[in-house]
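Below is one structure, written out as C-alpha cells; comments come after it.
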Amino acid sequence: MARDTTSDPLGNILSRIYRSIVPRSIIPKTDADRRRTILEFLVLHMRPVRVRRSTLRFTHTFGLGGMSLVLIGLLMASGILLMLAYDPSPEHAYQSILSIQDGMIFGATVRAVHHWSANILVAAALFHLLRVFFTGAYHGPRRFNWVIGLGLLIGILAANFTGYLLPWDQLSFWAVTICTGMLGYVPVIGEWLQAFARGGTEIGRGTLVLFYSFHTTVVPVVLIVLMAFHFWRVRKARGVVSPNPQDSQEDDDTEKVLTLPHLLVRELAVGLTLVAVVVLLAALFDAPLGAPANPGMSPNPAKAPWYFMGFQELQIHLEPLIAVVVLPVLGALGLVLLPYLHFDHEMSGPWFLSKTGRTTGALAAVVSLVVTPLLILIDEFWLQQVGGAGWLAVGAVAAGITAFAVFLSKKFKPEKAEFVQSLFILFMVAFAILTITGVWFRGPGMALVWPWIGGS
Ligand code: HEM
C-alpha cells in the first residue's frame with residue numbers, strides 16, 4: 001500500500017493550510033485513525049478512505065460535482081430564509097418579494113445568493129455531465145450512477161423552473177406561460193399535461209400554489225435522496241474514474257493517497273472559493289425583478305428561462321412537434337440508454353477518450369459552429385417565406401446529420417464510443433448556439449437583432 005506522502009506541491013500546501021487551521025488534537029495521526037474517522041463521520045463516509053492520486057488533479061474533474069453540492073447547500077440555506085417572509089398567493093407574492101428586497105436587512109443579498117446559486121447550479125451540473133461524458137465515466141460500475149445523475153439534472157431544472165414563477169412578475173409569469181404552452185404540442189395528452197403543469201387551465205392561484213409546493217418540498221426531498229444515492233455509488237465505484245486507462249483494475253491500491261486530508265482539503269478549497277464568488281456576485285448584482293405580473297399584457301419579446309431557450313429557438317425553425325416533443329424525448333432516451341449500449345471497448349479515463357476521439361470531436365464542434373448559424377440565417381431569411389418551412393427545415397437538418405455521420409464513419413473509422421461522442425458534440429454545440437441566439441439575438445416579435453441594439 002502506498003505511503004501517505006505526496007510529491008505534488010499543491011497537495012503539500014493545502015495539507016499545511018489544513019493542519020494550521022484544524023486543531024492538532026482532532027487531526028487523526030495514523031492511517032488507522034484516519035480510516036476510523038472517515039467511517040465514523042456521516043459526511044466523510046460519503047468518500048472512499050483512499051483515492052488515486054491521479055484523480056486529484058483539478059483538471060480531471062474541475063470539482064464540478066462538489067461545486068453542485070455546495071450550491072445546493074447555499075440554495076437550501078438561503079431558500080429557508082426566503083420562505084420565512086414569502087407569501088405564495090397572487091395578491092401578495094410580488095409585494096412580499098419587494099418587502100424582502102427593500103424592507104429587510106440583507107434581504108436583497110439573500111435573494112441574490114439564491115438567484116445566483118440557482119443559475120450557476122444549472123451550469124455546474126451541465127458541465128459536470130459533460131465532464132463525465134467526455135471522460136467516458138459512464139461504463140461498468142458507474143452505469144447506474146449516470147442515470148441517477150440524469151435524475152438529479154431533471155430535479156435541478158424542475159427546482160429552477162418552479163422557483164422562476166414565485167416572484168410573480170411579468171418576466172416569470174410569461175416565461176412560465178410560454179414553457180407550459182409548449183406542452184400543448186404533445187399529441188393526445190398535451191392539453192391534460194398543460195392543465196396539470198398549470199394546476200388549472202390558466203396560470204393563476206393554482207399554478208402558484210403547485211409550483212411553491214414542488215419548489216419547497218417535493219423537489220428538495222427528491223434531490224436529497226438522489227444525491228445520497230449518487231455519492232454512495234461514487235464510493236462503491238471506488239472514487240472517480242482514473243485518467244489513466246491502464247489503471248483499470250479498480251482494486252489496485254498503489255498510487256493511492258488518503259482521502260483525509262488530500263481530497264477533502266481540495267474540496268474545501270474549491271467549495272470556499274465558490275461560496276466567496278457567489279456572495280460577491282450577490283453583493284454586486286441583485287436578482288432581477290420586473291413589473292408585477294399582468295395576465296392581460298404580454299411583454300415583447302416574451303422568452304423562456306435561458307436553460308429552455310434553446311427549445312424556444314428550435315420551435316421558431318422546426319415543426320413544433322419535432323422541436324419540443326420528438327427531439328427532447330429522443331435526446332432524453334439517448335442519454336438514459338447511453339451506458340447500456342454495447343461498446344466493443346469501454347473507453348474511459350482521458351479527456352475525449354483517445355486521439356481519434358479528440359480529432360473527430362474537434363471536427364464535429366467546428367462543423368456545428370459553422371453550420372448552425374448558417375442554417376438559422378437561411379431559415380430566417382429564406383426558408384420561412386416558403387409554405388411548410390418547418391418540415392423543410394426538419395428534412396434539411398436530418399439530411400445534414402446523416403451526411404456528417406456517413407463521412408465520419410468512412411473517413412475515420414471511429415470506435416462506437418468515439419462516434420457517439422462526435423454526434424453528441426455536434427448536437428451540444430448546435431443547442432448552445434440556439435440558446436445564445438434565443439437569449440441575446442432575439443428582439444421584439446422574436447426577430448433577429450444585434451444584442452447591443454435591441455436584444456435582451
Ligand atoms: C445535484 C447534482 C449533482 C451532484 C451534487 C453531483 C455530485 C457528484 C460528485 C461529488 C461526484 C464525484 C466527484 C466529481 O466527479 O466531481 C460525482 C460523480 C459522478 N456524477 Fe455527479 N453530481 C450531480 C449531477 C450529475 C449529473 C447531471 C450526472 C450525469 C448525468 C452525473 C453523473 C455522475 C457520474 C457518472 C459520476 C462518476 C464519475 C466518475 O467516476 O468519474 N452527476 N457527482
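Remember, it's 1-based here, ligands and their atoms both numbered in the order they're listed.
For the atom pair His215 NE2 and Met83 CE, the distance stands at 9.5 Å (nearest 0.5 Å).
Near Val241, with a cut-off below 4.0 Å to any heavy atom, the atoms of ligand 1 are 39 (C), 40 (O), 41 (O). Atoms of ligand 1 lying under 4.0 Å from at least one heavy atom of Ile156, given by number and element, are 1 (C), 2 (C). If you number the atoms of ligand 1 from 1 as listed, the ones under 4.0 Å from a heavy atom of Ala137 come out as 35 (C), 38 (C), 39 (C), 41 (O). Near Ile72, meaning under 4.0 Å from any of its heavy atoms, are these atoms of ligand 1: 1 (C). Short contacts between ligand 1 and Leu153, defined as distances under 4.0 Å to a heavy atom of the residue, involve ligand atoms 27 (C).
Contact of the Phe229 side chain with the Arg233 side chain is registered, since non-hydrogen atoms from C-beta on lie closer than 4.5 Å. Within the 4.5 Å cutoff, the side chain of Val110 has heavy atoms near those of the Leu82 side chain. Residues Lys236 and Pro141 fail the side-chain proximity criterion, which asks for heavy atoms closer than 4.5 Å. For the pair Phe412/Phe419, no side-chain contact is recorded, criterion being any heavy-atom separation below 4.5 Å from C-beta on.
Checked by atom type, the side-chain pair Arg198/Thr180 shows a donor-acceptor distance below 3.5 Å.
Taking each of Val234, Leu338, Thr55 in turn, the one with a heavy atom nearest to atom 11 (C) of ligand 1 proves to be Val234.
Taking only nitrogen or oxygen atoms, main chain and side chain alike, Leu152 does not reach within less than 3.5 Å of ligand 1.
Only side-chain heavy atoms of Val132 come within less than 4.0 Å of ligand 1; its backbone N, CA, C and O stay farther off. At a 4.0 Å heavy-atom cut-off, ligand 1 does not touch Arg233 at all. When heavy-atom distances to ligand 1 are checked against a 4.0 Å cut-off, Phe231 comes that close only through its side chain, counted from C-beta outward.
Of all protein heavy atoms, the one closest to atom 24 (C) of ligand 1 is His128 CD2, 3.5 Å. The shortest contact between atom 13 (C) of ligand 1 and any protein heavy atom is with Val240 CG1, 3.6 Å. Remark: minimum distance from atom 40 (O) of ligand 1 to any protein heavy atom is reached at Arg142 NE, 2.5 Å. Counting protein heavy atoms only, atom 4 (C) of ligand 1 is closest to Ser68 CB, 3.8 Å. Here the protein heavy atom with the shortest distance to atom 15 (O) of ligand 1 is Arg131 NH2, 2.6 Å. Among protein heavy atoms, the minimum distance from atom 27 (C) of ligand 1 is reached at Gly149 O, 3.1 Å. In terms of protein heavy atoms, atom 6 (C) of ligand 1 is closest to His230 CD2, 3.4 Å. The nearest heavy-atom contact from the protein to atom 9 (C) of ligand 1 is Gly65 CA, 3.7 Å.
Within the 4.0 Å heavy-atom shell around ligand 1 one does not find Met67. At a 4.0 Å cut-off, at least one heavy atom of Trp146 sits close enough to ligand 1 to count as contact. Within the structure, the closest approach of Ala237 to ligand 1 does not fall below 4.0 Å when heavy atoms are considered.
Between Ser354 and the options Glu418, Glu415, His345, a side-chain hydrogen bond (donor to acceptor under 3.5 Å, both in side chains) holds for only Glu418.
Checked against the 6.0 Å centroid threshold, Phe424 and Phe133 count as a close aromatic pair.
In this pair, Trp351 and Phe134 present their aromatic rings tilted. The plane angle is within the 30 to 60° band. Under the 30°/60° scheme for interplanar angles, the aromatic rings of Phe62 and Phe58 are found to stand perpendicular. Ring orientation note: the planes of His230 and His128 are nearly perpendicular, at an angle over 60° on the 30°/60° scale. The aromatic rings of Trp192 and Phe196 sit parallel to each other, their planes meeting at less than 30°, with 60° as the upper class boundary.
A salt bridge does not link Glu313 with Lys303: every distance from a Lys NZ or Arg NE/NH1/NH2 to an Asp or Glu carboxylate oxygen is 4.0 Å or more.
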